[in-house]
Amino acid sequence: MTTFDPATGLATGTFGFGTFQHGDDAPFPALVLPGGTVGDLSDLYPDTLAIFEDWDRAFDQMARRADEPAGQRYSFETVKALPVVARPNLLCTGANYRTHVAEMMTHNDMYRHLRKPGESDESFFSRNLAAVDRRAREGMPFIWVGLHSALAGANDDIPLPVVGGQADWELELGIYVKKPGRNLSLDEADDLIAAYVMVNDLGLADTARRTDVQFEWDFLGKSSPGFFPCGPFAVPKEFVDLAQARIQLSVNGTRRQDWPVDDMIFGPKQLLTYASERVGLRSGDLLIAGSPPGNAASHGRIWLSEGDVIESEITYLGRQRNEVVKEASNGRKPVFGPTITTGSYGV
């Protein structure tokens, strides 16, 4: 039976790695061990991107360092966790957990135009679930692109933007790529996975759909500053049993998400295969795999507000704790403001 370290959330006998900062010192790549020892790896690699670029040898070196600690060491509680990789290409999966997709389509304002007049939640949910099942049989993954400028550390504050009032959480499994890949087979894509990480994919439900353009969607608000808390560390694929992992998120002490990680419509290797047919994958790229049920819309539309505390955990991958704050606008007011969601500008 797997046991987990209370200090870090790591499974006994494993290790994580990431980017950390001690006080005002420069950020450094580091190994994290069960028990809370953080070992500086900057004598081996300048940053975590270099680790991914040299993955096979780097994994062996980190394994040796885990067995025989060397170099500067810190306590996990005394360092600040930064995003594991500073500026990765960020590929974000949408609509990848069956129940979550049906819940979102039933309760979020952006889909209410699809509801039949007088239709009950139960009937609308049933229709949406049938649509999800058809896509699982006949469709393909949906992936959009995020901005690395929205990445934040695992315990950083989450600033609520001036524009948008329906801030929502979505805790997700992240997948780090170890080498370049293009037009991959499923087996090749599986071999491309270096490590897993926890990412909270926050968003603004009231800015995603707009009616002043014919394609109707605008995902730019998903990349507001601080909207991708990442880490506190990545864990090599070899140490993570996705079949035993759960995604759990609480807001102000109340559990809002609690779901098995592997209950995906499209699994990690399918997502990477699809992505490789659209873009060229690179070492250190981060693909997040979608969110399970339990976002704010399905809990009575209790959107995040200033002062809320989010506590998150994915089995094997550690924990996050984030306080929701108001973004400092410095007196500036929006020029365009909220997304246009009424009327039609079509031809």
Side-chain angles (χ1 to χ4, degrees), residues 82-83 85-95 104-105 107-115 142-172 174 199-230 251 278-279 285-288 290-291 295-310 320 322-347:
L82 304 177
V85 178
R87 299 178 184 87
N89 289 325
L90 188 55
L91 303 171
C92 309
T93 305
M104 188 169 57
M105 293 177 68
H107 298 292
N108 278 22
D109 288 346
M110 69 183 83
Y111 300 105
R112 63 184 174 186
H113 63 293
L114 300 175
R115 188 190 288 257
F142 172 69
I143 295 177
W144 49 279
V145 177
L147 301 182
H148 58 66
S149 60
L151 287 168
N155 300 302
D156 287 354
D157 290 343
I158 296 171
L160 294 179
V162 174
V163 175
Q166 296 180 359
D168 203 353
W169 58 83
E170 290 184 324
L171 192 62
E172 307 188 11
V199 181
N200 195 349
D201 172 18
L202 291 116
L204 297 162
D206 53 340
T207 68
R209 181 174 182 265
R210 51 188 288 185
T211 58
D212 62 321
V213 288
Q214 290 173 314
F215 46 82
E216 293 190 340
W217 298 105
D218 188 340
F219 277 37
L220 194 58
K222 295 281 283 181
S223 289
S224 293
F227 264 30
F228 287 115
C230 174
V251 180
R278 269 55 179 180
V279 301
D285 283 357
L286 173 57
L287 184 149
I288 57 177
S291 175
N295 66 347
S298 65
H299 287 293
R301 301 166 61 82
I302 48 168
W303 314 109
L304 292 170
S305 59
E306 184 180 6
D308 286 347
V309 175
I310 306 172
Q320 296 182 357
N322 309 98
E323 184 172 344
V324 179
V325 299
K326 186 179 294 185
E327 183 178 22
S329 64
N330 299 318
R332 291 184 172 272
K333 296 183 179 180
V335 174
F336 290 99
T339 304
I340 296 172
T341 58
T342 59
S344 176
Y345 293 73
V347 295

Margin query: Tell me if the CZ atom of Arg301 is crowded by more than 12 foreign heavy atoms within 6.0 Å.
Written below: yes
(message) Using 30° and 60° as the class boundaries, would you call the ring planes of Trp217 and Tyr111 parallel, tilted or perpendicular?
(response) tilted
query = Any side-chain heavy atom of Phe227 within less than 4.5 Å of one from Pro161?
reply = yes
Q) Would you call Leu304 and Leu202 a side-chain contact if the rule is heavy atoms closer than 4.5 Å? A) yes
Open item on the list: Determine whether a donor-acceptor pair (N or O, by modelled atom type, separation under 3.5 Å) exists between the side chain of Asn200 and the backbone of Pro229.
Closed with: no
| query | Any donor and acceptor pair, going by atom type alone, linking the side chain of Glu172 with main-chain N or O of Gly290 inside 3.5 Å? | reply | yes
| message | I'd like to know if the side chain of Asn322 and the backbone of Ala154 have a donor-acceptor N/O pair within less than 3.5 Å. | response | yes
Taking every heavy atom of Ser224 against every heavy atom of Ala150, the minimum-distance pair comes out as O-CB, 3.3 Å
Can you check whether Leu204 reaches Val163 side chain to side chain, under 4.5 Å on heavy atoms?
-> no
- [ ] Without swapping roles, check the side chain of Asp218 against the backbone of Leu220 for a donor-acceptor pair under 3.5 Å.
- [x] yes
For Pro159 and Gly226 the tightest heavy-atom approach is CD-CA, 4.2 Å
>> Could you tell me if the side chain of Ile288 sits less than 4.5 Å from the side chain of Phe228, heavy atoms only?
In response: yes
CA sep, side-chain torsions, deciding dist, call: Val85, Leu286, side-chain contact (heavy atoms from CB on, under 4.5 Å): CA-CA 9 Å; Val85 178; Leu286 173 57; over 6 Å; no
Do Ile310 and Ile158 touch side chain to side chain, with heavy atoms closer than 4.5 Å? yes
Can a donor-acceptor pair be found, under 3.5 Å and without considering hydrogens, that links the side chain of Asp308 to the backbone of Val324? no
When rounded to the nearest 0.5 Å, the distance separating CZ of Arg115 from CE of Met105 is 11.5 Å
For Val162 and Ser329, the nearest pair of non-hydrogen atoms, with its separation, is CG2-CB, 3.7 Å
Tested for side-chain contact (heavy atoms from CB on, under 4.5 Å) against Cys230, the lone hit among Asp156, Asp201, Leu151 is Leu151
Under the 3.5 angstrom rule, does the side chain of Ser223 hit a backbone N or O of Leu147 as a donor-acceptor pair? yes
dist Thr207:OG1 -> Ile340:CD1 (nearest 0.5 Å) comes out at 13.0 Å
Next item on the list: Test side-chain contact (heavy atoms from CB on, under 4.5 Å) on Val279 and Asp285 and set out the steps.
Entry: CA-CA 11 Å; Val279 301; Asp285 283 357; over 6 Å; no
In terms of heavy-atom contacts, Gly153 and Pro83 come closest through N-CD, 3.9 Å
- prompt: Is there side-chain contact between Asp157 and Glu323, with heavy atoms separated by less than 4.5 Å?
  reply: yes
Heavy-atom closest pair (Trp303 atom, Ala296 atom, distance to 0.1 Å) is CE3-CB, 3.6 Å
Here the pair of heavy atoms bringing Glu327 nearest to Pro225 is OE2-CG, 4.2 Å
For this session: Applying side-chain contact (heavy atoms from CB on, under 4.5 Å), run through Thr339 and Asp206 and close with a yes or a no.
Result: CA-CA 7 Å; Thr339 304; Asp206 53 340; over 6 Å; no
Between the NZ atom in Lys222 and the CD atom in Glu170, the distance rounded to the nearest 0.5 Å is 4.0 Å
